[in-house]
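Below: one structure, written as structure tokens.
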Amino acid sequence: MEKQLIQILDATNTQFVRILWCDNANIIRAKAVHRVAISECITSGVGIAAALQALPVMLDALAPGSGLSPVGEIRLVPDWNTLTPLPYAPGCARVMGDMLTQGKPWNLCPRNFLKRMVAEAKREGLEVIAAFENEFYFLKQTANDIILPVDQTLYGSTLAMDLHQNVINDIAKALIEQGMPVEQYYPESGPGQQEISILYTHALAAADQQIAFRETVRAIALQHDLIASFLPKIFADKTGNGCHLHLSLWQNGQNLIPNGEQVGELSEIARRFIAGILHHLPALMAITTPTTNSYRRIHPHYWSGAFRCWGIDNREAAIRVVSHPEALSPTQFELKTVDASANPYLALGAVIAAGLDGVRHCFELGESVTVDPGYMTESERSLQNIDLLPSNLAQSLEQLNNNQVLLGAFGQELAQAYIAVRQAEWEAMNNLTLEEEVKLLLNKY
Ligand code: GLU
Ligand code: MG
């Protein structure tokens, strides 16, 4: 193992290996180990303070009530299967870290939480396949610190393509070099807003790729003197950045989403899984749309999943079942009530826990919604059980605090630290204006 690893590092001219983790606030952090010191960290990794999982997004200071303190150390151990040379940082490689204590997974490790949920799904005979579909803005900063979009283009604009093709090509090349097949690119609806989608994969790899995707886009944009930001809402009157989560369920190499011969219909298991997600969605949002800024994005008529319902190709429903011209349709669905300020391991793991609850308890899925729920009257919506989802972080946190299924899946220690972090963020930021919030968060996500 050691010899092989050193050979790889030498062949790729790697000086530093960045061992990454993603904290409860979804800040991507790393410790870099130099090649000459790598032997010491191959199996036991590097030490980091346990308290790092108690940090809110605003500053490096422990959130009160997290259950963590300045005393205590855990090991960040590389998962060498994820070792990747960084095309945008010559001489550097990235590896994802697992948090261990006394040689065992630490209860607060987000990556281990997702692994546990993947194992739970397996126990039900299900394999979860996923892709995070990112939207982000290209921005520039004026001499007096004003943040502006790089253009004033519209959805799918070929002018935007011509303006940014160099940077987009560099991003696509770097994603592909790191094993993320790029599927589609198009300028999104906001001025300077972009969308690049990559191929779906197994749940754990999809979450790892979400980290690598954000890292790559930000770094390459910087090389082109651009700021790239995934912050959910940057401009009040423009569309936000979603990070829709695409999902399918598989068994023995077979996609379980379509209902056999009934083209266009969902299978029983898909219906139950989706019903589970919708049932838990108000609480899930404290994990999938977890910042104060997230709730500025989620509004009717912005295609951001503001209503608790599902529909076939309905872009105003929280869950859109995606139709496909081929016979085996639908093959997947997307949860729109997700953004890139969510820790991808926690978000995907929690969505799996919610879906599995629906499967285990045979939840019934309501009717698909075939119109824009934003144009229904309140009484029409209540007849179809369509609720508006939480409109701020305090509301979703309260739901999470009362949700035994999600708290149980997290386990006591992770739940306590996670909720403390988000509570501290709510208290520090709920009175900020959008401008103040953007200033604080733009470079964090
Ligand atoms: N920008 C929208 C959002 O906030 C999504 C637009 C789309 O459907 O791709 O989620
Ligand atoms: Mg989009």
Side-chain angles (χ1 to χ4, degrees), residues 130-139 149 151-157 160-161 164 168 171-172 182-200 210 213-214 217 228-247 277 281 284-285 288-324 330 332-342 344 347 351 369 371-374 388-392 396 434 437-438 441-442 445:
F132 290 89
E133 183 188 73
N134 285 285
E135 295 173 338
F136 53 92
Y137 272 76
F138 282 148
L139 305 155
D151 62 40
Q152 290 298 327
T153 59
L154 300 171
Y155 175 84
S157 155
M161 288 183 173
H164 308 304
I168 294 289
I171 290 172
V182 171
E183 293 218 299
Q184 290 189 13
Y185 144 66
Y186 41 87
E188 253 295 352
S189 178
Q193 194 184 25
Q194 320 293 325
E195 177 166 325
I196 298 175
S197 53
I198 57 173
L199 187 65
Y200 53 79
Q210 172 61 4
F213 188 98
R214 279 172 62 205
V217 169
S229 181
F230 296 76
L231 188 65
K233 192 79 169 182
I234 302 172
F235 305 108
D237 58 341
K238 305 290 184 236
T239 186
N241 284 324
C243 180
H244 307 160
L245 178 55
H246 287 253
L247 291 166
I277 297 174
L281 192 52
L284 261 180
M285 285 172 69
T288 58
T289 53
T291 55
T292 50
N293 182 268
S294 299
Y295 295 82
R296 299 185 193 266
R297 164 184 162 249
I298 300 170
H299 283 289
H301 309 306
Y302 277 90
W303 296 13
S304 55
F307 291 99
R308 188 190 195 175
C309 61
W310 74 284
I312 296 172
D313 295 331
N314 188 337
R315 287 188 159 79
E316 279 293 324
I319 290 186
R320 171 170 78 108
V321 172
V322 185
S323 73
H324 199 275
Q332 50 146 327
F333 61 91
E334 71 170 343
L335 176 61
K336 281 178 159 275
T337 323
V338 182
D339 65 55
S341 69
V351 166
V369 174
V371 294
D372 178 350
L388 254 179
L389 287 160
S391 58
N392 64 45
S396 61
L434 174 60
E437 204 180 51
V438 168
L441 299 179
L442 191 78
Y445 301 119

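For this chain, numbers begin at 1 and follow the sequence in order. Counting convention: from 1, in listed order, for ligands and their atoms alike. Since the structure is predicted, the reported quantities are computational estimates derived from the model, not experimental observations.
Which parts of ligand 1 touch Thr239 is read off a 4.0 Å heavy-atom cut-off, strictly below it: atoms 1 (N), 2 (C). Those atoms of ligand 1 that come under 4.0 Å of a heavy atom in Gly240, given as number and element, are 1 (N), 4 (O). Less than 4.0 angstrom separates some heavy atom of Lys336 from each of these atoms of ligand 1: 7 (C), 8 (O).
Side-chain contact check for Phe333 versus Arg320: every heavy-atom pair is 4.5 Å or farther apart. Taking the side chain as every heavy atom from C-beta outward, Asp339 and Ser304 never approach each other to under 4.5 Å.
Among heteroatoms of the N, O or S kind in Glu195, OE1 lies nearest the Mg ion (ligand 2). Sorting the N, O or S atoms of Glu188 by how far they are from the Mg ion (ligand 2) puts OE2 first. Among the heteroatoms counted here (N, O or S) of Glu135, OE2 is the one nearest to the Mg ion (ligand 2).
Contact between His244 and ligand 1 is present, with at least one heavy atom of the residue lying under 4.0 Å from the ligand.
Taking backbone and side-chain atoms together, Glu133 has no N/O/S atom less than 2.8 Å away from the Mg ion (ligand 2).
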Practice problem: Report the C-alpha distance between Thr239 and Gln193 in whole Å, list the side-chain angles of each, state the deciding distance to 0.1 Å, and finish with yes or no for side-chain hydrogen bond (donor to acceptor under 3.5 Å, both in side chains). | Solution: CA-CA 9 Å; Thr239 186; Gln193 194 184 25; 4.7 Å; no
Quiz prompt | CA sep, side-chain torsions, deciding dist, call: Thr291, Asn293, side-chain hydrogen bond (donor to acceptor under 3.5 Å, both in side chains) | solution = CA-CA 5 Å; Thr291 55; Asn293 182 268; 4.9 Å; no
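Under the 30°/60° scheme for interplanar angles, the aromatic rings of Phe213 and Phe136 are found to stand perpendicular.
Aromatic ring centroids of Tyr200 and His246 lie 6.0 Å or more apart.
Of the listed residues (Arg297, Glu135, Arg315), the one carrying the non-hydrogen atom nearest atom 7 (C) of ligand 1 is Glu135.
With Tyr302 as the aromatic partner, Lys233 meets the cation-pi criteria of under 6.0 angstrom to the ring centre and within 45 degrees of the ring axis.
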